[in-house]
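Reading through the structure tokens given below for one structure.
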Amino acid sequence: MAKVSSAKKTMQPVSPRSEPVQSRSIKRTQQILEVTSELLESVGLNDLNTALIAQEVGISVGSLYHYFPNKQAILYAMGQSWLDSIEVVLKEIQQWPLEQMPLEKFIDQVIDTNLQAYRTQKAILPLVQAMFSVPELRALDERHDDMVIAQMSKVFKRIGLKKHIRERERIARHFLEVTHSSYLVVVNQNPQRAARTLADLKLMLNCLLRHHLGGGDD
């Protein structure tokens, strides 16, 4: 119990100092996030610090702290922004005529739509790794998984998976783990290798979903 209590005390705050409302503050906040993304990709998580971020932004560390209290808070804001983009993707998928879509078309569109969100986010691989490894960011990682699993289990019901909700959630978790890891690989591959990886991913998803389509409740 003492170790848990000690660990909790070392957790850094991840809320921004204040919500930017003026256009200048909003622009500066966005600049900090963009610079941090570039640095996260170039120097890595371990060598990333607020002094380096402030230097690249062109402000003092004290000025940086007017926006974010620490490195973890900046990374948290980046992760939250990416989660917002994934939520938009999931809502878009729910708007598709899922009941009428052939399985191959559904898989193609799901992959293309999700992959765009991964490609748009700078430094997506180190950011996801930070969400998993940095204690202050773990809530984002868990929220991402819960959100995708909940929404995709609903999608699977609409495309014809006649399974109990718990079984659809299990399949959705498997779907998430396969696609999430594949997207993180694809965004860092050259076009030829990426095309082959995506073809393999579509084949795996086709086999997985076709296997469960049309079955009764488990």
Side-chain angles (χ1 to χ4, degrees), residues 37 75-133 137-189 191 193-218:
S37 295
L75 293 171
Y76 191 95
M78 289 170 54
Q80 181 61 65
S81 177
W82 181 63
L83 255 63
D84 290 344
S85 70
I86 295 298
E87 185 175 13
V88 169
V89 167
L90 293 169
K91 288 181 178 179
E92 179 182 340
I93 293 172
Q94 292 285 0
Q95 300 303 311
W96 297 347
L98 296 167
E99 293 80 359
Q100 289 78 45
M101 292 180 72
L103 182 60
E104 289 77 7
K105 182 178 180 181
F106 165 74
I107 291 172
D108 284 347
Q109 287 192 195
V110 163
I111 290 176
D112 291 346
T113 306
N114 275 283
L115 193 54
Q116 181 60 35
Y118 280 70
R119 283 185 164 142
T120 302
Q121 175 61 53
K122 292 180 180 178
I124 181 60
L125 180 56
L127 176 60
V128 167
Q129 290 171 336
M131 287 169 56
F132 181 78
S133 62
L137 275 58
R138 286 303 298 271
L140 291 175
D141 184 65
E142 293 169 2
R143 195 184 314 164
H144 168 261
D145 290 359
D146 291 344
M147 178 173 63
V148 174
I149 290 168
Q151 293 302 313
M152 291 309 298
S153 67
K154 295 177 183 178
V155 168
F156 290 161
K157 183 177 182 179
R158 290 182 57 194
I159 67 172
L161 263 68
K162 308 300 182 182
K163 304 283 185 179
H164 187 275
I165 178 61
R166 296 304 179 196
E167 178 64 3
R168 280 188 280 114
E169 288 175 346
R170 184 193 67 80
I171 298 168
R173 178 172 291 280
H174 191 185
F175 179 94
L176 165 64
E177 290 171 351
V178 171
T179 55
H180 183 54
S181 58
S182 296
Y183 297 150
L184 293 174
V185 169
V186 167
V187 295
N188 289 295
Q189 289 181 318
R193 292 181 68 85
R196 293 198 295 271
T197 302
L198 288 174
D200 289 341
L201 175 60
K202 291 176 182 180
L203 178 61
M204 287 188 287
L205 296 183
N206 193 298
C207 292
L208 173 67
L209 295 178
R210 194 170 295 281
H211 173 72
H212 292 289
L213 279 169
D217 284 353
D218 287 348

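If you read the sequence from its start, that first residue is 1, and numbering goes on from there. We use all heavy atoms of the structure for the numbers below, so side chains are in, but hydrogens, waters and symmetry mates are not. Bear in mind the structure is a predicted one, so any value in this text is a computation, not a measurement.
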Between [X] and [Y], a side-chain donor and acceptor under 3.5 Å:
{"X": "S85", "Y": "Q121", "value": "no"}
{"X": "Q116", "Y": "D112", "value": "no"}
{"X": "S181", "Y": "E177", "value": "no"}

* To do: Could you tell me which residues satisfy side-chain contact (heavy atoms from CB on, under 4.5 Å) with K105, sequence neighbours excluded, listed by chain and number?
  => M101, P102, Q109
Flag side-chain contact, heavy atom, 4.5 Å: [X] against [Y]:
{"X": "I171", "Y": "H174", "answer": "no"}
{"X": "V187", "Y": "L125", "answer": "no"}
{"X": "F175", "Y": "V110", "answer": "yes"}
{"X": "L90", "Y": "V155", "answer": "no"}
{"X": "K154", "Y": "Q151", "answer": "yes"}
{"X": "W82", "Y": "M131", "answer": "yes"}
{"X": "F106", "Y": "L209", "answer": "yes"}
{"X": "R170", "Y": "R166", "answer": "no"}

* Asked: Does atom CZ of R138 have more than 12 heavy-atom neighbours from other groups under 6.0 Å away?
  ->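 Above 12, so yes.
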Where do [X] and [Y] come nearest, in terms of heavy atoms and distance?
{"X": "S153", "Y": "I165", "result": "OG-CD1, 4.0 Å"}
{"X": "S182", "Y": "L201", "result": "OG-CD1, 3.7 Å"}
{"X": "S37", "Y": "K122", "result": "CB-CB, 3.7 Å"}
{"X": "A117", "Y": "V89", "result": "CB-CG2, 4.0 Å"}
{"X": "V178", "Y": "L205", "result": "CG1-CD2, 4.5 Å"}
{"X": "L83", "Y": "M147", "result": "O-CE, 3.7 Å"}

* To do: Using the side-chain contact (heavy atoms from CB on, under 4.5 Å) rule, pick out the option among E92, Q94, Q100 that qualifies with W96.
  =>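 Answer after filtering E92, Q94, Q100: E92.
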* Taking V148 as the fixed residue, which of N114, L176, T179 is the one that meets the side-chain contact (heavy atoms from CB on, under 4.5 Å) rule? -> L176
* Please state whether the rings of H144 and H180 are parallel, tilted or perpendicular, taking 30° and 60° as the class boundaries. => tilted
* Asked: For R210 and E104, what are the C-alpha separation, side-chain angles and deciding distance, and is it a salt bridge (charged side-chain N to carboxylate O under 4.0 Å, His left out)?
  -> CA-CA 10 Å; R210 194 170 295 281; E104 289 77 7; 2.8 Å; yes
If I take atom [atom1] from residue [X] and atom [atom2] from residue [Y], how far apart are they, to the nearest 0.5 angstrom?
{"X": "T197", "Y": "Y183", "atom1": "OG1", "atom2": "OH", "answer": "13.0 Å"}
{"X": "K202", "Y": "I107", "atom1": "NZ", "atom2": "CD1", "answer": "9.0 Å"}
{"X": "E169", "Y": "D146", "atom1": "CD", "atom2": "CG", "answer": "9.5 Å"}
{"X": "L203", "Y": "L208", "atom1": "CG", "atom2": "CG", "answer": "11.5 Å"}
{"X": "Y76", "Y": "L140", "atom1": "OH", "atom2": "CG", "answer": "4.5 Å"}
{"X": "E142", "Y": "F132", "atom1": "CD", "atom2": "CZ", "answer": "10.0 Å"}

* To do: Check the pair L115, L198 against side-chain contact (heavy atoms from CB on, under 4.5 Å), reporting the backbone distance first and the verdict last.
  => CA-CA 10 Å; L115 193 54; L198 288 174; 3.8 Å; yes
* Is a side-chain N or O of S81 found less than 3.5 angstrom from the main chain of M78, in a donor-acceptor match? ->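 A pair under 3.5 Å: no.
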